[in-house]
Structures are given as C-alpha cells and as structure tokens.
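These notes are about the structure you will find just below.
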There are 2 protein chains.
Amino acid sequence: TIELRGIKKIYKMGDQEVAALAGIDLDIHKGEFAALMGPSGSGKSTLMNILGCLDRPTTGSYKLDGSEVSHLTDDELAYTRNRKIGFVFQNFNLLSKLSAVDNVALPLLYAGVGRSERTQRAMHFIEAVGLGPRADHMPSELSGGQRQRVAIARALANDPKIIMADEPTGNLDTKSTHEIMEIFEDLHAQGRTIILVTHEPEIAACASRQLLVRDGIITRDEGRGVV
Amino acid sequence: TIELRGIKKIYKMGDQEVAALAGIDLDIHKGEFAALMGPSGSGKSTLMNILGCLDRPTTGSYKLDGSEVSHLTDDELAYTRNRKIGFVFQNFNLLSKLSAVDNVALPLLYAGVGRSERTQRAMHFIEAVGLGPRADHMPSELSGGQRQRVAIARALANDPKIIMADEPTGNLDTKSTHEIMEIFEDLHAQGRTIILVTHEPEIAACASRQLLVRDGIITRDEGRGVV
Ligand SMILES: Nc1ncnc2c1ncn2[C@@H]1O[C@H](COP(=O)(O)OP(=O)(O)OP(=O)(O)O)[C@@H](O)[C@H]1O
Ligand SMILES: Nc1ncnc2c1ncn2[C@@H]1O[C@H](COP(=O)(O)OP(=O)(O)OP(=O)(O)O)[C@@H](O)[C@H]1O
Ligand SMILES: [Mg+2]
Ligand SMILES: [Mg+2]
C-alpha cells in the first residue's frame with residue numbers, strides 16, 4: 001500500500017521557485033493498476049521518482065506498506081527499491097558498459113542471486129520482451145525501442161510486488177506495445193500493483209484507475225479502489 | 001533531393017553479422033513529407049542517421065542534391081549537416097552543460113550567427129515549442145517531453161531545407177504532439193522536405209508519403225512524388 005500526504009517537490013532556481021509537485025494526496029492499494037496521465041512537464045516523472053524511492057519530496061509524507069519512507073536508513077531504502085519495486089525509467093538508464101542481459105541481471109546481483117540462476121532468470125525476461133538474439137549487445141548496439149525493452153525486463157527481473165513504469169512504450173511500435181501491455185496485464189492478474197505513466201489513452205484504458213496530473217497536482221482520479 | 005542506391009549497414013559482432021540495413025533504394029524529392037514506420041529494431045534510426053549524414057553506410061551510394069555524400073570532405077559534410085539538415089534524434093542528444101536556449105542556439109553559433117541574433121532566433125523556437133519559461137533550465141532540469149521539444153527547436157533553429165525527425169513526439173502528450181505536428185505542417189507548406197519516423201499511425205497520416213521498413217529493407221512505399 002502506498003500513502004502520500006501533502007507531497008511537494010520544489011526546485012529553487014536563483015530567486016525563482018519551480019513547484020514540480022504542489023501538494024499530492026494519494027492512496028494506492030495493493031493490486032491496483034493505475035495509469036498516470038497529464039501534459040508534458042506536469043510532474044508525472046517527479047511523482048514516480050518519489051513513489052519509487054529514487055527521490056525525496058521537499059515536504060510531505062510517504063508511507064509504503066506502513067513505513068514512513070523518509071525515516072528509512074539508506075540500506076533499508078536500497079533494499080526496498082531492490083526487492084519491492086521494479087522501476088522503468090523514462091530515459092531507460094541502462095549501464096552503458098554492460099550488455100543487455102547483464103543490465104537485466106543487475107537487480108538479481110544486488111539481491112544476492114547466484115550466477116547461473118541470475119543468467120537463467122535474466123534470459124527469461126530478455127526473451128519475454130522479444131530480445132533473445134540481442135542479449136549480448138551493448139546498449140549502444142541496440143535500437144531505441146530495444147533499449148526500452150531491456151529497461152522493462154530489468155524492472156521485472158527481481159519479481160517485484162510493485163511495478164512503476166514511466167512511459168514504457170513511448171519508443172515502441174504497435175506490436176511491441178501490445179506485447180508489453182500483455183506482460184503488465186499478466187503481472188497485474190498475479191496480484192501485483194502496477195503504476196504506469198502514459199500519454200496514450202489506449203494504454204491508460206488498460207488500467208482500472210486513471211489519474212490526471214496538471215501543474216503538480218492531481219486534478220482527476222477515477223476507478224479508485226478497483227483491483 | 002535524396003537518392004539512395006543499394007544502401008547497406010552491416011555490423012560485425014565477433015563472427016556474426018547484423019544487417020541493420022540490407023539494401024535500400026530510395027528517392028525523396030524536394031518538398032515531400034514522408035513518414036517512416038516499422039517494428040522496433042527494423043532499421044529506421046540507422047536509415048535516418050545515414051540520411052542525416054551522421055553515419056556512413058557499409059556499402060551503397062547516397063546522393064544529396066546531386067553530390068555523392070561519401071565523396072564530401074569532413075568540412076563539406078559538417079556544412080551540409082549544419083545548413084541543409086535539421087535533425088531530431090530519438091534520444092535527443094542535448095549537451096548537458098548548456099541551457100535549453102543555448103542548446104537551441106548551437107547550430108546558429110556554428111553557422112557564424114552573431115550573439116544577439118542567435119539569442120533572438122533561439123528564443124523564437126523555444127517559444128514556438130512552448131518552453132519560454134524553461135529557456136534557462138539545464139537538460140537535467142527538464143522533463144522528458146521538454147527535452148524532446150528542445151531537441152526539436154534546435155533542429156529548426158538554422159532554418160534548414162530538410163528536416164529529419166526520429167520519433168519526435170514519443171514522449172509528448174496529445175496537446176504538445178498536435179502543436180509539434182502543426183509546426184511540421186507549416187514548414188512543409190513553406191516547401192521544406194520533412195522525413196519523420198513514427199510508430200503512431202495518426203502521425204504518419206499527416207505525411208503524404210508512407211514508407212514501411214522491416215528487417216532493414218523498405219517493404220512498402222505509398223504516395224511517392226506527392227508534394
Ligand atoms: N552498433 C550496433 N551493433 C550491432 N547491431 C546494431 C548496432 N546498432 C544497431 N544495431 C541493430 O540494428 C538494428 C536496427 O537498429 P535501429 O536503431 O535502426 O532500429 P529502429 O528501427 O530505429 O528501432 P526502434 O523503433 O526501436 O527505434 C537493431 O536490430 C539493432 O539491434
Ligand atoms: N532539477 C529541476 N530543476 C528545476 N525544475 C525542474 C527540475 N526537474 C524537473 N523540473 C521541472 O518540473 C516539472 C515537472 O517535471 P516532470 O519531469 O515531473 O514532468 P513530466 O510530467 O514527467 O513531463 P513529461 O511528460 O514531459 O515527461 C517540469 O516543468 C520541469 O521543468
Ligand atoms: Mg516524464
Ligand atoms: Mg529508432
């Protein structure tokens with residue numbers, strides 16, 4: 001369960017302030033499938049980064065499964081990110097010196113999984129996103145949509161209970177998009193929580209809950225509590 | 001005018017070969033508006049990079065306005081890229097140490113435009129893509145869609161005759177997408193050549209010519225010669 005209260009993220013630029021998030025109250029229950037939409041620059045990635053424990057709010061409270069995230073130690077935070085949350089970044093964030101399969105295996109390495117099991121599980125997800133023949137390519141030897149799919153595979157590798165994906169199909173053709181959405185729908189059917197940012201209405205329609213963000217606040221919230 | 005004959009791009013990986021482009025013949029006339037579609041990994045960005053004089057084919061001929069590109073000196077190639085072609089990269093390629101407006105002004109700097117005119121023209125395009133209030137932000141202080149729009153503004157800054165855009169609206173919401181497509185349609189109405197990669201059929205529909213790429217070759221080509 002995710003509980004945000006009064007979340008603000010304010011950047012100081014000289015004597016100006018940019019409020020990326022201007023006061024977010026949000027509850028997301030275990031097993032929900034929520035789509036986050038809104039104009040470019042409205043605060044979606046900022047909100048996702050806070051939900052994913054990758055960034056801290058300027059003010060406000062974030063309780064994840066009952067624990068206040070701002071009170072967690074760095075080790076506890078890293079553990080939460082590694083075990084509980086699978087995060088797909090808007091700009092992929094692959095490590096350029098690791099091959100596709102090694103990028104996907106990285107969360108498993110951090111989780112202490114042994115080498116042969118790591119390779120086996122990473123290859124399972126590499127193949128699930130259609131990149132078997134590209135497993136040993138470096139990120140610079142992959143197309144944009146292939147890198148995006150490696151980022152998706154990496155988010156799923158550690159079998160997380162919560163999947164947060166920031167525009168996971170922005171660089172994908174229709175067929176690859178459908179394949180990825182089927183993966184998310186399967187994971188949701190298994191009881192996982194899915195939060196996905198998209199600007200495409202047909203993708204948002206796959207979710208049971210629809211949130212609209214504008215100028216750092218949530219202006220619409222439909223389908224709450226539907227699992 | 002663009003004339004490609006027998007264009008191949010082959011990557012050697014150990015004892016394997018990946019044919020990103022497997023033999024492209026293509027004519028694009030001045031003033032055409034062409035959309036390039038195809039599955040993830042099919043060769044679209046590779047083709048765009050060759051068209052944009054950013055990469056050389058393994059074999060084949062590319063004549064741009066009658067001149068064989070492979071025979072141009074480095075200086076002539078740089079001049080061509082700077083003056084004739086505005087290129088929007090799939091992954092934006094902004095310089096992280098320059099602000100948004102300075103990124104947009106960079107092609108003008110290379111073209112020898114004086115400082116105050118540079119700032120004026122760069123701001124014109126920054127505002128055209130809706131980023132006036134973000135002109136002094138660094139790329140790391142911008143959202144994904146804002147960076148994409150800076151990349152678009154930069155491609156237009158030097159008033160190029162040919163605009164090549166690789167998935168320019170992949171990270172944009174519907175409203176921003178429409179604004180960008182209006183800009184491209186205006187530029188086309190002024191007689192410029194536009195080549196744009198997209199995976200969205202509604203965007204491809206704005207073009208008069210539709211090309212489909214699969215496994216490194218062109219498998220469909222409709223609307224040829226329509227200007
Ligand atoms: N440096 C490289 N070494 C080996 N293979 C490469 C290299 N660069 C690209 N490729 C391969 O060439 C193929 C074409 O890549 P390209 O980037 O042109 O695809 P694309 O059509 O733009 O895909 P997308 O829609 O995902 O952006 C891909 O299968 C990719 O894995
Ligand atoms: N480090 C920063 N300093 C100042 N402003 C910032 C910084 N990072 C983000 N912003 C601003 O915060 C706002 C929200 O950014 P965010 O990345 O969350 O938007 P978004 O909804 O994800 O947009 P997009 O759909 O384009 O990806 C934007 O207007 C952006 O310019
Ligand atoms: Mg974003
Ligand atoms: Mg591409």
Side-chain angles (χ1 to χ4, degrees), chain A residues 11-14 16 18 20 37-49 89-92 94 99 129-131 133-134 136-150 166-167 169-177 179-180 197-202 204 212-214 216, chain B residues 11-14 16 18 20 37-49 89-92 94 99 129-131 133-134 136-150 166-167 169-177 179-180 197-202 204 212-214 216:
Chain A
Y11 295 105
K12 283 204 167 31
M13 305 198 58
Q16 297 244 346
V18 174
M37 294 184 84
S40 175
S42 56
K44 306 180 295 298
S45 295
T46 306
L47 178 54
M48 290 294 274
N49 289 340
F89 292 84
Q90 186 170 8
N91 59 356
F92 320 155
L94 300 180
S99 68
V129 299
L131 290 176
R134 295 285 183 270
D136 296 325
H137 283 228
M138 305 304 282
S140 61
E141 297 169 338
L142 293 173
S143 77
Q146 290 169 343
R147 287 175 203 154
Q148 188 157 39
R149 285 183 274 158
V150 174
D166 196 345
E167 309 215 35
T169 62
N171 278 287
L172 299 180
D173 57 288
T174 311
K175 177 157 174 291
S176 306
T177 296
E179 290 168 358
I180 294 303
V197 173
T198 180
H199 60 259
E200 295 185 52
E202 322 82 56
L212 184 63
V213 180
R214 246 180 214 294
Chain B
Y11 295 105
K12 283 203 168 32
M13 306 198 59
Q16 296 244 349
V18 174
M37 296 186 82
S40 175
S42 55
K44 306 179 296 297
S45 295
T46 306
L47 178 55
M48 290 294 273
N49 289 339
F89 292 84
Q90 185 170 8
N91 58 355
F92 321 154
L94 300 180
S99 67
V129 298
L131 289 178
R134 295 283 182 269
D136 297 326
H137 282 228
M138 304 305 281
S140 61
E141 297 169 336
L142 294 172
S143 77
Q146 290 169 343
R147 286 175 204 155
Q148 188 156 39
R149 284 183 275 158
V150 174
D166 196 345
E167 307 214 39
T169 62
N171 279 287
L172 299 180
D173 55 288
T174 311
K175 178 158 174 289
S176 307
T177 296
E179 290 168 358
I180 294 303
V197 174
T198 180
H199 59 260
E200 296 184 56
E202 322 83 54
L212 184 62
V213 180
R214 249 183 208 294

- Message: Between T198(A) and chain B, with a heavy-atom cut-off of 4.5 Å, which part of the residue counts as in contact: side chain, backbone, both or neither?
- Response: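 Answer is neither: T198(A) stays 4.5 Å or more from chain B.
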
- Message: Using heavy-atom distances under 4.5 Å, tell me whether Q16(A) contacts chain B through its side chain, its backbone, both, or neither.
- Response: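 Contact with chain B involves no heavy atom of Q16(A) at all.
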
Side chain, backbone, both or neither: which part of [X] has an atom under 4.5 Å from a heavy atom of chain A?
{"X": "N91(B)", "answer": "side chain"}
{"X": "Q146(B)", "answer": "both"}
{"X": "Q148(B)", "answer": "neither"}
{"X": "T177(B)", "answer": "neither"}
{"X": "S40(B)", "answer": "both"}

- Expected output: side-chain D173(B) to main-chain H199(A) donor-acceptor under 3.5 Å: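 A pair under 3.5 Å: no.
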
- Query: Who wins among G38(A), P39(A), S45(A) for the most heavy-atom pairs under 4.5 Å with chain B?
  - Reply: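 Option with the greatest count: P39(A).
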
- Do V18(B) and H137(A) touch side chain to side chain, with heavy atoms closer than 4.5 Å?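 Sidechains of H137(A) and V18(B): in contact.
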
- Out of M37(B), E200(B), R149(B), which one racks up the most heavy-atom pairs below 4.5 Å with chain A?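 Sorted descending by pairs with chain A, the first entry is R149(B).
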
